[in-house]
Student: 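Here it is: the structure, laid out below.
Residue numbers begin at 1 in each chain, while the letters A, B, ... track the order of the sequences.
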2 protein chains.
Amino acid sequence: MLSKKTRYALKALVVLGKNFGGVPIQISKIASEEHIPKKFLEQILLDLRNAGLLYSKKGSGGGYGLVKDPAEISVVQILRLTGGPVALLPCVSLNFYQKCDECDNEETCGVRDVFVDVRDATVKILSETSIADVIKREKNLIENYTQ
Amino acid sequence: MLSKKTRYALKALVVLGKNFGGVPIQISKIASEEHIPKKFLEQILLDLRNAGLLYSKKGSGGGYGLVKDPAEISVVQILRLTGGPVALLPCVSLNFYQKCDECDNEETCGVRDVFVDVRDATVKILSETSIADVIKREKNLIENYTQ
DNA sequence: AAAAAGTCTACTAAATCTATATGCTTTGTA
DNA sequence: TACAAAGCATATAGATTTAGTAGACTTTTT
């Protein structure tokens, strides 16, 4: 399961992605639109800023904006920045690997082998999907929904 | 991430799967072989028994065994029995669905749409993989490893 | 100067997960 | 028949993680 932090980050990035190229958007605006606790969102956006994904502007008329084109930001990147492992087992994680306590030899673990496949399938989808793609999907869904 | 409970269950089922058709295996044997805390494993196997997956025999010479052929037990089934959602978002889970607190309309949520795809890919792999398949994978890994 | 907005750190509350403890029941066997 | 082996069942404790809150500070604009 993704953490709330990750979900909130994705939601916020979609908002910022739609606004790419425009004037900065305030935390409080994103928070109220997306029903995210403001102080929590503050921390999250700060992390994303410190990771170089967002720029910020203080003072009146300030707020946050994307540094890069939303087409250049993949969903998997956000999961890794905000949450942690994409894999379902620590011994299978590419970026948050941890040795399996109970396995004598994880090279020959059949369970692990299955979850390597799951990880690969998941990473494939999430690395091929950008914030821009999420926005496109949303548009398509809205079109078909109101028909 | 899978819980320890789920991992332990899978490990235990692999042991029991290899033994399918033989005499019952004791909790303590599985626990020591697989480095699983015995009392914890007790609870887990009890759950699997109550779910109809295992039979048990009390008293001397007792233990646990699979009720069904390991080829008939899918990995996804074990996750659902022991852990919970396979999906990465509650609003996307087939068996543990929960409404998204922050979404006004989840039918048109682009983020959700992406994680439906991820869920489908994961469920496909894990429902096509049985305990027998895990055992086969293990055998293949061992063969290639010792070469 | 004042207000708007982000920055930073610390803390707390709640939930969940992992594991342990204790006593009970059933079954086989000496 | 007694005893030991093994599972059954429930309660509880400890640890960890997550989610959210608080408060004081800095920068920028008007």
Student: Could you point out which residue of A/Arg7, A/Lys11, A/Lys4 forms a salt bridge (Lys or Arg N to Asp or Glu O under 4.0 Å) with B/Asp101?
Tutor: A/Lys4
Student: Tell me: NZ of A/Lys29 to P of C/dA4, nearest whole Å?
Tutor: 17 Å
Student: Are A/Val86 and A/Phe96 close enough, and set up right, to give a side-chain contact (heavy atoms from CB on, under 4.5 Å), and what steps lead you there?
Tutor: CA-CA 9 Å; A/Val86 172; A/Phe96 298 85; over 6 Å; no
Student: Using whole Å, what does the distance between atom C1' of nucleotide D/dA19 and atom CG of A/Asp47 come to?
Tutor: 14 Å
Student: Using a 4.0 Å heavy-atom cut-off, write out nucleotides 6-21 of chain C from 5' to 3' as B (base contacted by protein), S (sugar-phosphate only) or - (no contact).
Tutor: SBB-B-------SSBB
Student: Hey, what do you get for CZ (B/Phe115) to OG1 (B/Thr122), rounding to the nearest 0.5 Å?
Tutor: 10.5 Å
Student: Taking atom CD of A/Glu33 as the centre, does the number of heavy atoms from other residues, nucleotides or ligands within less than 6.0 Å exceed 12?
Tutor: yes
Student: A/Tyr55 has an atom OH; how far is it from atom P of D/dT28, in whole Å?
Tutor: 15 Å
Student: Starting at OG1 of B/Thr108, measure out to CD1 of A/Ile142 and round the result to the nearest 0.5 Å.
Tutor: 5.0 Å
